[in-house]
Protein chains: 2
Amino acid sequence: MNGDAQITGFYFQGDVIDLNISNHAKQNYGAVALETATVCKIPLAEFDEMAEQYPALSNAFLKLMSREIILKQRMMLVMSKMTAEQKVANFLVHLSTENKLRGYSPVIFNLSMTRTDVANYLGLAMETVSRIFKVFQNKGMISVERRQVSIEDFEKLESLLQDDDTKASINASTISQK
Amino acid sequence: MNGDAQITGFYFQGDVIDLNISNHAKQNYGAVALETATVCKIPLAEFDEMAEQYPALSNAFLKLMSREIILKQRMMLVMSKMTAEQKVANFLVHLSTENKLRGYSPVIFNLSMTRTDVANYLGLAMETVSRIFKVFQNKGMISVERRQVSIEDFEKLESLLQDDDTKASINASTISQK
DNA sequence: CGAGATTTTGAAATGAATCAAGCTGGGTGG
DNA sequence: CCACCCAGCTTGATTCATTTCAAAATCTCG
(Lines give C-alpha, C1' and ligand atoms only; values in the text may rest on other atoms or scores of the structure.)
Protein backbone atom coordinates (compact mmCIF):
# COMPACT_ATOMS: atom_id res chain seq x y z
CA MET A 1 0.00 0.00 0.00
CA ASN A 2 3.03 2.24 0.42
CA GLY A 3 3.50 5.92 0.74
CA ASP A 4 1.74 9.14 1.41
CA ALA A 5 -1.00 9.50 -1.13
CA GLN A 6 -4.41 10.60 0.01
CA ILE A 7 -6.97 7.91 0.71
CA THR A 8 -10.25 9.31 -0.50
CA GLY A 9 -12.59 6.62 0.65
CA PHE A 10 -13.28 3.14 1.88
CA TYR A 11 -15.85 1.18 -0.03
CA PHE A 12 -17.95 -1.87 0.65
CA GLN A 13 -19.68 -4.65 -1.17
CA GLY A 14 -21.78 -3.28 -3.99
CA ASP A 15 -20.37 0.21 -3.84
CA VAL A 16 -19.42 2.00 -7.00
CA ILE A 17 -15.86 2.96 -6.35
CA ASP A 18 -14.89 5.06 -9.31
CA LEU A 19 -17.35 7.45 -10.82
CA ASN A 20 -14.95 9.17 -13.14
CA ILE A 21 -17.13 9.48 -16.12
CA SER A 22 -15.71 12.58 -17.68
CA ASN A 23 -12.34 13.12 -19.20
CA HIS A 24 -11.68 15.96 -16.80
CA ALA A 25 -9.78 13.42 -14.82
CA LYS A 26 -6.06 13.50 -15.30
CA GLN A 27 -5.59 12.29 -11.78
CA ASN A 28 -3.94 9.11 -10.68
CA TYR A 29 -6.37 6.78 -9.08
CA GLY A 30 -5.85 3.42 -7.59
CA ALA A 31 -7.93 0.93 -5.74
CA VAL A 32 -6.53 -1.60 -3.34
CA ALA A 33 -8.54 -4.56 -2.22
CA LEU A 34 -8.19 -5.21 1.50
CA GLU A 35 -10.44 -8.23 1.34
CA THR A 36 -11.52 -10.48 -1.47
CA ALA A 37 -13.04 -8.34 -4.17
CA THR A 38 -14.82 -8.51 -7.48
CA VAL A 39 -14.77 -5.50 -9.74
CA CYS A 40 -16.88 -4.56 -12.73
CA LYS A 41 -15.52 -1.99 -15.11
CA ILE A 42 -17.56 -0.33 -17.83
CA PRO A 43 -15.88 1.46 -20.72
CA LEU A 44 -17.17 4.96 -21.23
CA ALA A 45 -18.37 4.45 -24.79
CA GLU A 46 -20.26 1.35 -23.84
CA PHE A 47 -21.84 3.11 -20.92
CA ASP A 48 -23.06 5.94 -23.13
CA GLU A 49 -24.64 3.44 -25.45
CA MET A 50 -26.39 1.60 -22.67
CA ALA A 51 -27.53 4.81 -21.09
CA GLU A 52 -29.16 5.82 -24.33
CA GLN A 53 -31.21 2.65 -24.36
CA TYR A 54 -32.04 2.53 -20.70
CA PRO A 55 -32.64 5.98 -19.23
CA ALA A 56 -33.10 4.37 -15.85
CA LEU A 57 -29.42 3.51 -15.91
CA SER A 58 -28.10 7.02 -16.10
CA ASN A 59 -30.75 7.95 -13.62
CA ALA A 60 -29.37 5.42 -11.21
CA PHE A 61 -25.90 6.77 -11.75
CA LEU A 62 -27.07 10.29 -11.14
CA LYS A 63 -28.40 9.16 -7.79
CA LEU A 64 -25.19 7.34 -6.99
CA MET A 65 -23.10 10.35 -7.80
CA SER A 66 -25.36 12.64 -5.89
CA ARG A 67 -24.85 10.42 -2.89
CA GLU A 68 -21.12 10.47 -3.46
CA ILE A 69 -21.08 14.26 -3.59
CA ILE A 70 -22.97 14.47 -0.34
CA LEU A 71 -20.54 12.03 1.23
CA LYS A 72 -17.51 13.96 0.04
CA GLN A 73 -19.10 17.16 1.19
CA ARG A 74 -19.66 15.74 4.61
CA MET A 75 -16.09 14.52 4.57
CA MET A 76 -14.85 18.03 3.81
CA LEU A 77 -16.69 19.13 6.90
CA VAL A 78 -15.15 16.33 8.91
CA MET A 79 -11.70 17.23 7.69
CA SER A 80 -11.90 20.93 8.29
CA LYS A 81 -14.06 21.37 11.33
CA MET A 82 -13.59 18.37 13.56
CA THR A 83 -11.02 17.64 16.22
CA ALA A 84 -9.03 14.44 16.04
CA GLU A 85 -11.35 12.76 18.53
CA GLN A 86 -14.39 13.77 16.56
CA LYS A 87 -12.88 12.46 13.36
CA VAL A 88 -12.23 9.07 14.87
CA ALA A 89 -15.63 8.98 16.57
CA ASN A 90 -17.28 9.89 13.29
CA PHE A 91 -15.31 7.19 11.53
CA LEU A 92 -16.41 4.52 13.97
CA VAL A 93 -20.02 5.64 14.00
CA HIS A 94 -20.11 5.50 10.23
CA LEU A 95 -18.50 2.10 10.03
CA SER A 96 -20.99 0.80 12.54
CA THR A 97 -23.94 2.33 10.70
CA GLU A 98 -22.68 1.06 7.39
CA ASN A 99 -22.28 -2.43 8.79
CA LYS A 100 -25.78 -2.41 10.19
CA LEU A 101 -27.11 -1.31 6.81
CA ARG A 102 -25.46 -4.30 5.24
CA GLY A 103 -26.80 -6.78 7.72
CA TYR A 104 -23.57 -7.23 9.62
CA SER A 105 -23.07 -6.55 13.28
CA PRO A 106 -22.93 -2.85 14.08
CA VAL A 107 -21.36 -3.67 17.42
CA ILE A 108 -18.40 -5.83 16.65
CA PHE A 109 -16.42 -5.67 13.46
CA ASN A 110 -13.06 -5.76 11.82
CA LEU A 111 -11.14 -2.73 10.67
CA SER A 112 -9.50 -4.66 7.81
CA MET A 113 -7.08 -1.75 7.46
CA THR A 114 -4.02 -0.53 9.28
CA ARG A 115 -3.89 2.37 11.70
CA THR A 116 -1.77 4.11 9.11
CA ASP A 117 -4.56 3.88 6.54
CA VAL A 118 -7.20 5.10 8.94
CA ALA A 119 -4.91 7.96 9.92
CA ASN A 120 -4.26 8.86 6.31
CA TYR A 121 -7.95 8.79 5.53
CA LEU A 122 -8.76 11.06 8.45
CA GLY A 123 -5.84 13.38 7.91
CA LEU A 124 -4.19 12.46 11.20
CA ALA A 125 -0.94 10.96 12.37
CA MET A 126 -0.98 7.26 13.02
CA GLU A 127 0.06 7.87 16.60
CA THR A 128 -2.90 10.13 17.15
CA VAL A 129 -5.33 7.46 15.98
CA SER A 130 -3.70 4.94 18.24
CA ARG A 131 -3.92 7.26 21.23
CA ILE A 132 -7.53 8.16 20.59
CA PHE A 133 -8.55 4.52 20.35
CA LYS A 134 -7.02 4.14 23.74
CA VAL A 135 -8.85 7.16 25.15
CA PHE A 136 -12.17 5.82 23.88
CA GLN A 137 -11.36 2.46 25.36
CA ASN A 138 -10.51 3.98 28.73
CA LYS A 139 -13.81 5.83 28.66
CA GLY A 140 -15.61 2.57 28.03
CA MET A 141 -16.94 3.64 24.67
CA ILE A 142 -15.24 0.96 22.60
CA SER A 143 -12.83 -1.88 23.00
CA VAL A 144 -10.09 -2.47 20.49
CA GLU A 145 -7.92 -5.50 20.10
CA ARG A 146 -5.66 -5.16 17.13
CA ARG A 147 -8.15 -4.60 14.29
CA GLN A 148 -11.10 -6.04 16.13
CA VAL A 149 -13.35 -3.23 17.30
CA SER A 150 -16.44 -3.48 19.42
CA ILE A 151 -18.68 -0.54 20.11
CA GLU A 152 -19.55 -0.42 23.79
CA ASP A 153 -21.45 2.86 23.89
CA PHE A 154 -22.68 4.06 20.53
CA GLU A 155 -24.63 6.99 21.95
CA LYS A 156 -21.63 8.41 23.74
CA LEU A 157 -19.56 8.14 20.58
CA GLU A 158 -22.24 9.89 18.61
CA SER A 159 -22.63 12.60 21.21
CA LEU A 160 -19.03 13.60 20.65
CA LEU A 161 -19.96 14.73 17.18
CA GLN A 162 -22.87 16.99 17.84
CA ASP A 163 -21.59 19.45 20.42
CA ASP A 164 -21.21 22.43 18.09
CA ASP A 165 -23.36 22.87 15.01
CA THR A 166 -21.69 20.23 12.96
CA LYS A 167 -24.73 19.69 10.81
CA ALA A 168 -25.76 22.55 8.56
CA SER A 169 -23.93 23.45 5.39
CA ILE A 170 -24.00 26.44 3.15
CA ASN A 171 -23.24 26.84 -0.51
CA ALA A 172 -22.06 30.39 -0.98
CA SER A 173 -22.54 31.25 -4.60
CA THR A 174 -20.39 33.84 -6.23
CA ILE A 175 -21.82 34.69 -9.57
CA SER A 176 -20.16 37.38 -11.59
CA GLN A 177 -22.36 40.39 -12.11
CA LYS A 178 -24.91 40.48 -14.91
CA MET B 1 -24.61 34.89 6.10
CA ASN B 2 -24.26 34.47 9.87
CA GLY B 3 -22.75 31.74 11.92
CA ASP B 4 -20.50 28.80 11.76
CA ALA B 5 -21.87 26.45 9.18
CA GLN B 6 -19.52 24.89 6.69
CA ILE B 7 -19.08 26.63 3.38
CA THR B 8 -18.75 23.87 0.83
CA GLY B 9 -17.96 25.86 -2.23
CA PHE B 10 -17.85 29.11 -4.10
CA TYR B 11 -19.49 29.14 -7.47
CA PHE B 12 -19.34 31.34 -10.55
CA GLN B 13 -21.42 32.36 -13.49
CA GLY B 14 -22.91 29.34 -15.19
CA ASP B 15 -21.98 26.91 -12.45
CA VAL B 16 -24.48 24.38 -11.28
CA ILE B 17 -24.59 24.97 -7.58
CA ASP B 18 -26.86 22.30 -6.23
CA LEU B 19 -26.71 18.83 -7.63
CA ASN B 20 -28.91 17.20 -5.05
CA ILE B 21 -30.87 14.98 -7.24
CA SER B 22 -31.64 12.18 -4.89
CA ASN B 23 -33.75 12.18 -1.80
CA HIS B 24 -30.83 11.00 0.27
CA ALA B 25 -30.44 14.60 1.17
CA LYS B 26 -31.91 15.52 4.49
CA GLN B 27 -29.26 18.17 4.88
CA ASN B 28 -29.81 21.88 5.15
CA TYR B 29 -28.45 23.68 2.19
CA GLY B 30 -28.41 27.31 1.43
CA ALA B 31 -26.99 29.52 -1.24
CA VAL B 32 -26.09 33.13 -0.69
CA ALA B 33 -25.50 35.47 -3.59
CA LEU B 34 -22.50 37.69 -3.01
CA GLU B 35 -23.03 39.46 -6.29
CA THR B 36 -26.00 39.86 -8.56
CA ALA B 37 -27.26 36.41 -9.43
CA THR B 38 -29.78 34.59 -11.54
CA VAL B 39 -30.80 31.11 -10.56
CA CYS B 40 -32.59 28.37 -12.45
CA LYS B 41 -34.27 25.67 -10.43
CA ILE B 42 -35.57 22.45 -11.93
CA PRO B 43 -38.05 20.29 -10.02
CA LEU B 44 -36.97 16.69 -9.81
CA ALA B 45 -40.03 15.24 -11.53
CA GLU B 46 -39.66 17.64 -14.40
CA PHE B 47 -36.00 16.82 -14.72
CA ASP B 48 -36.70 13.11 -14.92
CA GLU B 49 -39.19 13.75 -17.67
CA MET B 50 -36.80 15.88 -19.66
CA ALA B 51 -33.99 13.42 -19.15
CA GLU B 52 -36.13 10.67 -20.60
CA GLN B 53 -36.64 12.67 -23.78
CA TYR B 54 -33.12 14.01 -24.09
CA PRO B 55 -30.49 11.50 -23.00
CA ALA B 56 -27.88 14.12 -23.67
CA LEU B 57 -29.21 16.05 -20.73
CA SER B 58 -28.58 13.45 -18.11
CA ASN B 59 -25.30 12.80 -19.80
CA ALA B 60 -24.36 16.42 -19.31
CA PHE B 61 -25.36 16.20 -15.68
CA LEU B 62 -23.30 13.08 -15.20
CA LYS B 63 -20.30 15.00 -16.44
CA LEU B 64 -21.07 17.94 -14.21
CA MET B 65 -21.38 15.74 -11.17
CA SER B 66 -18.27 13.86 -12.03
CA ARG B 67 -16.44 17.16 -12.11
CA GLU B 68 -17.98 18.11 -8.81
CA ILE B 69 -16.85 14.87 -7.21
CA ILE B 70 -13.33 15.41 -8.39
CA LEU B 71 -13.40 18.94 -7.04
CA LYS B 72 -14.68 17.82 -3.66
CA GLN B 73 -12.13 15.05 -3.60
CA ARG B 74 -9.38 17.51 -4.26
CA MET B 75 -10.81 19.70 -1.56
CA MET B 76 -10.67 16.83 0.91
CA LEU B 77 -7.02 16.57 0.12
CA VAL B 78 -6.57 20.29 0.59
CA MET B 79 -8.34 20.18 3.91
CA SER B 80 -6.53 17.22 5.35
CA LYS B 81 -3.03 17.39 3.99
CA MET B 82 -2.14 21.02 3.45
CA THR B 83 -0.74 23.61 5.81
CA ALA B 84 -2.56 26.91 6.26
CA GLU B 85 -0.21 28.63 3.80
CA GLN B 86 -0.79 25.95 1.22
CA LYS B 87 -4.53 26.19 1.62
CA VAL B 88 -4.51 29.91 1.01
CA ALA B 89 -2.05 29.62 -1.88
CA ASN B 90 -4.21 26.93 -3.42
CA PHE B 91 -7.26 29.10 -2.98
CA LEU B 92 -5.66 32.04 -4.75
CA VAL B 93 -4.22 29.94 -7.55
CA HIS B 94 -7.62 28.43 -8.18
CA LEU B 95 -9.41 31.74 -8.15
CA SER B 96 -6.90 33.11 -10.59
CA THR B 97 -7.18 30.09 -12.88
CA GLU B 98 -10.94 30.17 -12.69
CA ASN B 99 -10.98 33.84 -13.59
CA LYS B 100 -8.72 33.29 -16.55
CA LEU B 101 -10.99 30.50 -17.75
CA ARG B 102 -13.89 32.89 -17.71
CA GLY B 103 -12.12 35.61 -19.60
CA TYR B 104 -11.49 37.83 -16.61
CA SER B 105 -8.14 38.97 -15.38
CA PRO B 106 -6.20 36.21 -13.65
CA VAL B 107 -3.94 38.83 -12.10
CA ILE B 108 -6.21 41.30 -10.43
CA PHE B 109 -9.59 40.44 -9.01
CA ASN B 110 -12.04 40.91 -6.23
CA LEU B 111 -12.59 38.48 -3.40
CA SER B 112 -16.28 39.44 -3.07
CA MET B 113 -16.30 37.61 0.27
CA THR B 114 -15.11 38.33 3.78
CA ARG B 115 -12.01 36.93 5.40
CA THR B 116 -14.35 35.06 7.66
CA ASP B 117 -15.91 33.29 4.70
CA VAL B 118 -12.58 32.44 3.15
CA ALA B 119 -11.42 31.15 6.51
CA ASN B 120 -14.53 29.08 6.98
CA TYR B 121 -14.19 27.60 3.53
CA LEU B 122 -10.57 26.67 4.11
CA GLY B 123 -11.11 25.43 7.64
CA LEU B 124 -8.93 28.11 9.18
CA ALA B 125 -9.32 30.92 11.66
CA MET B 126 -10.00 34.31 10.18
CA GLU B 127 -6.89 35.68 11.82
CA THR B 128 -4.78 33.02 10.17
CA VAL B 129 -6.03 33.99 6.73
CA SER B 130 -5.32 37.61 7.44
CA ARG B 131 -1.82 36.83 8.60
CA ILE B 132 -1.04 34.64 5.63
CA PHE B 133 -2.21 37.27 3.19
CA LYS B 134 0.28 39.54 4.87
CA VAL B 135 3.07 36.98 4.64
CA PHE B 136 2.44 36.50 0.93
CA GLN B 137 2.39 40.23 0.47
CA ASN B 138 5.67 40.65 2.32
CA LYS B 139 7.19 37.99 0.10
CA GLY B 140 6.03 39.91 -2.95
CA MET B 141 3.75 37.14 -4.16
CA ILE B 142 0.52 39.08 -4.00
CA SER B 143 -0.76 42.43 -2.94
CA VAL B 144 -4.00 42.73 -1.03
CA GLU B 145 -6.00 45.82 -0.32
CA ARG B 146 -9.13 44.86 1.51
CA ARG B 147 -10.83 42.52 -0.96
CA GLN B 148 -8.84 43.60 -3.97
CA VAL B 149 -6.18 40.99 -4.72
CA SER B 150 -3.50 41.11 -7.33
CA ILE B 151 -1.24 38.19 -8.06
CA GLU B 152 2.34 39.37 -8.29
CA ASP B 153 4.09 36.02 -8.64
CA PHE B 154 1.84 33.19 -9.70
CA GLU B 155 4.67 30.68 -10.07
CA LYS B 156 5.89 31.20 -6.55
CA LEU B 157 2.38 30.76 -5.22
CA GLU B 158 1.98 27.57 -7.19
CA SER B 159 5.33 26.26 -6.08
CA LEU B 160 4.14 26.32 -2.50
CA LEU B 161 1.69 23.59 -3.34
CA GLN B 162 3.90 21.02 -4.94
CA ASP B 163 6.62 20.41 -2.38
CA ASP B 164 5.45 17.04 -1.13
CA ASP B 165 3.45 14.62 -3.26
CA THR B 166 0.24 16.53 -3.17
CA LYS B 167 -1.01 15.02 -6.37
CA ALA B 168 -1.75 11.33 -6.37
CA SER B 169 -4.81 9.82 -4.74
CA ILE B 170 -5.80 6.33 -3.85
CA ASN B 171 -9.17 4.74 -3.43
CA ALA B 172 -8.78 1.98 -0.93
CA SER B 173 -11.61 -0.42 -1.49
CA THR B 174 -12.87 -2.56 1.31
CA ILE B 175 -15.21 -5.12 -0.05
CA SER B 176 -16.69 -7.65 2.31
CA GLN B 177 -15.58 -11.14 1.57
CA LYS B 178 -17.42 -13.14 -1.07
C1' DC C 1 -19.76 62.25 12.31
C1' DG C 2 -20.55 58.10 14.66
C1' DA C 3 -21.53 53.00 15.00
C1' DG C 4 -21.15 48.62 13.52
C1' DA C 5 -18.65 45.52 10.76
C1' DT C 6 -14.39 43.89 9.08
C1' DT C 7 -9.55 43.42 9.40
C1' DT C 8 -5.13 43.55 11.53
C1' DT C 9 -1.92 42.61 15.14
C1' DG C 10 0.15 40.64 19.33
C1' DA C 11 0.60 37.31 23.10
C1' DA C 12 -0.63 33.10 25.16
C1' DA C 13 -2.74 28.54 25.02
C1' DT C 14 -3.32 24.15 22.86
C1' DG C 15 -4.09 20.16 19.86
C1' DA C 16 -1.80 17.34 17.07
C1' DA C 17 2.61 16.18 14.66
C1' DT C 18 7.01 14.58 15.00
C1' DC C 19 10.78 12.21 16.95
C1' DA C 20 12.37 8.37 19.31
C1' DA C 21 12.08 4.08 21.75
C1' DG C 22 10.02 0.00 23.09
C1' DC C 23 6.33 -3.60 22.55
C1' DT C 24 3.60 -7.45 20.28
C1' DG C 25 2.06 -11.15 17.61
C1' DG C 26 2.20 -13.86 13.64
C1' DG C 27 4.91 -15.90 10.27
C1' DT C 28 9.41 -18.13 8.61
C1' DG C 29 13.15 -20.89 8.42
C1' DG C 30 16.42 -23.52 10.87
C1' DC D 1 9.06 -26.38 18.03
C1' DC D 2 11.80 -22.61 19.06
C1' DA D 3 14.14 -18.20 17.99
C1' DC D 4 14.24 -14.61 15.32
C1' DC D 5 12.33 -11.05 12.51
C1' DC D 6 9.47 -7.56 11.08
C1' DA D 7 5.37 -4.94 10.21
C1' DG D 8 2.14 -2.88 12.84
C1' DC D 9 1.13 -0.74 17.06
C1' DT D 10 1.81 1.72 21.45
C1' DT D 11 3.78 5.15 24.49
C1' DG D 12 6.31 9.20 26.11
C1' DA D 13 8.63 13.68 25.44
C1' DT D 14 9.16 17.58 22.77
C1' DT D 15 8.11 20.81 19.15
C1' DC D 16 5.28 23.43 16.15
C1' DA D 17 1.43 25.33 13.62
C1' DT D 18 -2.68 27.19 14.30
C1' DT D 19 -6.33 28.74 17.36
C1' DT D 20 -7.98 31.56 20.72
C1' DC D 21 -8.33 35.68 23.28
C1' DA D 22 -7.94 40.48 23.44
C1' DA D 23 -7.47 44.95 21.72
C1' DA D 24 -6.58 48.38 18.40
C1' DA D 25 -7.07 50.01 13.61
C1' DT D 26 -9.61 50.73 9.55
C1' DC D 27 -13.43 50.89 6.59
C1' DT D 28 -18.55 51.59 5.29
C1' DC D 29 -22.28 54.14 4.97
C1' DG D 30 -26.73 56.02 6.92
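We name chains A, B, ... by the order of the sequence lines, and we start the count at 1 in each one. Predicted model only: the values in this text are computed from it and were never measured.
Heavy-atom distances to DNA chain C give each of A/Glu85 and B/Arg147 a nearest nucleotide, and the one nearer the 5′ end belongs to B/Arg147. Comparing A/Gly123 and A/Glu145 by the nucleotide of DNA chain C that holds the closest heavy atom to each, the one mapping nearer the 5' end is A/Gly123. For A/Lys134 and A/Arg146, each mapped to the nucleotide of DNA chain D holding its nearest heavy atom, the one lying further toward the 5' end belongs to A/Arg146.
With the end axes of the helix from C/dC1-D/dG30 to C/dG30-D/dC1 each set by five pairs, the angle from one to the other reads 40° at 10° resolution.
Between A/Lys87 and A/Val129 there is no side-chain heavy-atom pair separated by less than 4.5 Å. In this structure, B/Leu160 and B/Met141 have side chains that are in contact, with non-hydrogen atoms separated by less than 4.5 Å. Inter-residue side-chain proximity for A/Ile142 and A/Glu152 is flagged as unmet; no heavy-atom pair is nearer than 4.5 Å. Side chains of A/Met76 and B/Val78 form no contact here, defined as non-hydrogen atoms less than 4.5 Å apart.
Residue A/Asn138 contributes atom CG, which lies 12 Å from atom P of D/dT10 at whole-angstrom precision. Rounding to whole angstrom units, CZ of residue A/Phe133 and C1' of D/dT11 are separated by 16 Å. Rounded to whole Å, atom P of D/dT18 lies 16 Å from atom NZ of A/Lys81. Separating the CG atom of B/Leu124 from the P atom of C/dG15 is a distance of 18 Å, rounded to the nearest angstrom. B/Leu122 places its CG atom 19 Å from the P atom of D/dA17, with the value rounded to the nearest Å. The separation between B/Gln148 atom CD and C/dT7 atom P is 13 Å, rounded to whole Å. Residue A/Arg115 contributes atom CZ, which lies 14 Å from atom C1' of C/dC23 at whole-angstrom precision. Atom CG in A/Asn120 sits about 16 Å away from atom C1' in D/dG8, given to the nearest Å.
A donor-acceptor contact under 3.5 angstrom links the side chains of B/Arg74 and B/Asn90, judged on distance only.
Considering A/Thr97, A/Val107, A/Leu92 in turn, A/Thr97 is the only one that fulfils the side chain to side chain contact (heavy atoms under 4.5 Å, CB included) rule with A/Phe154.
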Dump the pairs, protein N or O against N or O of nucleotides 18-20 of chain C, anything under 3.5 Å, distances to one decimal.
| unit_1 | atom_1 | unit_2 | atom_2 | d |
| --- | --- | --- | --- | --- |
| C/dT18 | O4 | A/Arg131 | NH2 | 2.9 |
| C/dC19 | N4 | A/Glu127 | OE2 | 3.1 |

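The pair A/Glu127-A/Arg131 does not count as a salt bridge, with every side-chain nitrogen at least 4.0 angstrom from each carboxylate oxygen.
To the nearest 0.5 Å, atom OH of residue B/Tyr121 and atom CE of residue B/Met113 are 9.0 Å apart. One finds the OG atom of B/Ser150 at 11.5 Å from the CG atom of B/Asn110 (value rounded to the nearest 0.5 Å).
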